[in-house]
Undergrad: 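Dropping a structure here in structure tokens format, bear with me for questions.
Remember, it's 1-based here, ligands and their atoms both numbered in the order they're listed. In what follows, residues are counted from 1 in the order of the sequence shown. The figures here come from the full heavy-atom set of this structure, side chains too, leaving out hydrogens, waters and symmetry mates.
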Amino acid sequence: MTAKLLDGKAFAARIRAQVAVHVGRIKADFGLTPGLAVVLVGEDPASQVYVRNKGQQTAEVGMNSFEHKLPADTSEADLLAVIDALNADPAVHGILVQLPLPAHLNSDMVINRIDPAKDVDGFHISNVGLLGTGQKSMVPCTPLGCLMMLRDHHGNLAGLNAVVVGRSNIVGKPMAQLLLGDSCTVTIAHSRTKELAEVCRRADILVAAVGRAEMITGDFVRPGATVIDVGINRVERDGKMRLVGDVHFASAAEVAGAITPVPGGVGPMTIACLLANTVTATCRANGLPEPSDLTV
Ligand code: NDP
């Protein structure tokens with residue numbers, strides 16, 4: 001391997017430490033404890049693990065953690081009533097509804113019911129619009145974490161060619177917006193893109209958010225490029241379940257200048273950025289000075 005490893009685990013630990021300092025200051029100076037509410041509908045095992053991790057890390061940085069676990073057959077009206085109550089609760093500064101929701105619930109309607117000021121996932125249509133027009137918004141956690149890592153590695157991103165593979169509302173599109181905001185020349189690729197490997201080889205920064213295990217091999221990578229692997233895929237290897245990214249790490253790391261591993265890359269940054277967004281939301285809601293080191 002010749003590429004530099006971009007260690008998201010260590011970076012996320014630094015962000016959590018910064019968050020803890022800000023939480024301590026907000027408590028001491030303003031008598032406020034930032035609070036994050038997570039709403040989980042149903043029994044999806046992966047979602048349960050995510051929610052448990054979020055709750056633990058929220059408590060570790062000194063914030064209040066509120067968990068609302070609802071049965072899989074919860075009606076839309078009941079879920080919206082929970083969100084309304086959280087919107088009205090002054091102890092709650094951030095609200096996250098764990099996705100995916102069961103099929104009978106309309107995710108867009110549910111997400112758009114969250115008070116945009118408490119929308120720490122940055123998925124509310126108001127925040128999407130603010131980000132798209134370059135205004136101050138809540139920035140989706142995974143792309144925020146990716147941008148922080150890229151800025152940390154490159155410094156200034158202006159003028160770099162960035163290719164984002166994936167155009168989801170959660171990762172691909174906001175990632176592209178953030179890179180554009182940092183003056184990259186941005187290409188968004190997707191399942192209908194022709195000559196994908198050739199498109200990717202133009203990238204100084206290649207972000208893979210595809211959801212296909214190890215699809216992006218070394219042939220897709222320009223020598224010296226920075227590769228950010230957002231993918232989380234569970235695959236069976238040698239009789240054991242393992243996590244792999246959307247990037248074929250071994251071959252890509254031979255060509256790239258820098259690369260994020262899976263696990264230990266983007267994944268830990270996502271929860272750290274959720275905590276950071278909760279501090280940002282607390283400060284904005286209460287007219288407190290906003291920490292510049294927790295957002296972009
Ligand atoms: P989606 O399934 O919503 O989107 C996948 C995107 O990849 C789509 O835009 C799709 O194109 C594109 N795509 C699919 N197949 C191909 C292909 N063969 N060639 C080119 N493009 C393709 O996934 P998400 O954006 O939600 O997630 C992407 C990955 O990131 C997943 O592995 C997910 O688990 C992971 N993830 C990780 C997070 C973290 O914290 N690290 C957080 C969120 C997601 P089209 O639109 O044309 O269908």
Side-chain angles (χ1 to χ4, degrees), residues 6-9 11-13 15-16 38 44-54 57 96-101 103 107-108 111 120-123 128 131 138-150 162-179 186-203 206-217 219-221 227-235 241-249 252 259-277:
L6 300 179
D7 184 347
K9 205 171 161 190
F11 200 139
I15 293 177
R16 288 198 304 275
V38 177
D44 179 62
S47 294
Q48 286 181 332
V49 172
Y50 290 141
V51 167
R52 195 165 55 238
N53 287 343
K54 283 167 187 168
Q57 294 191 27
L96 177 148
V97 176
Q98 185 67 44
L99 299 175
L101 287 171
S107 301
D108 288 340
I111 296 301
V120 281
D121 249 345
F123 297 158
V128 174
L131 180 65
M138 294 307 303
V139 179
C141 303
T142 300
L144 174 59
C146 295
L147 188 71
M148 284 181 174
M149 292 178 94
L150 284 167
V163 175
V164 180
V165 190
R167 55 174 165 179
S168 72
N169 292 334
I170 294 175
V171 188
K173 283 182 199 152
M175 184 76 249
Q177 295 282 8
L178 288 174
L179 291 165
V186 182
T187 303
I188 306 176
H190 46 77
S191 67
R192 311 292 289 273
T193 298
K194 291 179 183 157
E195 310 295 348
L196 181 63
E198 191 187 311
V199 170
C200 290
R201 278 196 299 272
R202 289 183 219 141
L206 178 59
V207 180
V210 192
R212 291 182 183 264
E214 299 179 321
M215 191 192 95
I216 306 289
T217 59
D219 306 346
F220 289 59
V221 179
V227 178
I228 302 287
D229 188 356
V230 179
I232 302 177
N233 307 286
R234 286 170 183 79
V235 296
M241 292 310 285
R242 296 193 189 280
L243 280 189
V244 299
D246 292 340
V247 174
H248 185 267
F249 184 84
I259 188 166
T260 58
V262 176
V266 174
M269 291 295 288
T270 297
I271 300 187
C273 288
L274 173 69
L275 304 176
N277 275 352

Undergrad: Report all protein residues having a heavy-atom distance below 4.0 Å to some atom of ligand 1; order the list by chain, then number.
TA: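 The answer is T142, V165, G166, R167, S168, V171, H190, S191, L196, A209, V210, G211, R212, M215, V230, G231, I232, N233, D246, V266, G267, T270, counting any residue whose heavy atom sits under 4.0 Å from ligand 1.
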Undergrad: Please round to the nearest 0.5 Å and tell me the distance separating atom CD1 of I216 and atom CG of D229.
TA: 8.5 Å
Undergrad: V207 and M175: which non-hydrogen atoms are nearest, and at how many Å?
TA: CG1-CG, 4.0 Å
Undergrad: With a 3.5 Å cut-off and sequence neighbours excluded, list the donor-acceptor pairs that the side chains of residues 139-147 form with protein atoms.
TA:
{"unit_1": "T142", "atom_1": "OG1", "unit_2": "T270", "atom_2": "OG1", "d": "3.0"}

Undergrad: Which heavy-atom pair separates Q98 from Y50 by the least distance, and what is that distance?
TA: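 In terms of heavy atoms, the two residues are closest at NE2-CD1, 3.8 Å.
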Undergrad: Checking side-chain contact (heavy atoms from CB on, under 4.5 Å) for the pair V128/F123: CA distance, chi angles, key distance, verdict?
TA: CA-CA 6 Å; V128 174; F123 297 158; 5.6 Å; no
Undergrad: If every non-hydrogen atom of R16 is compared with every non-hydrogen atom of Q57, which pair is closest and at what distance?
TA: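 Taking every non-hydrogen atom into account, CD-OE1, 3.3 Å.
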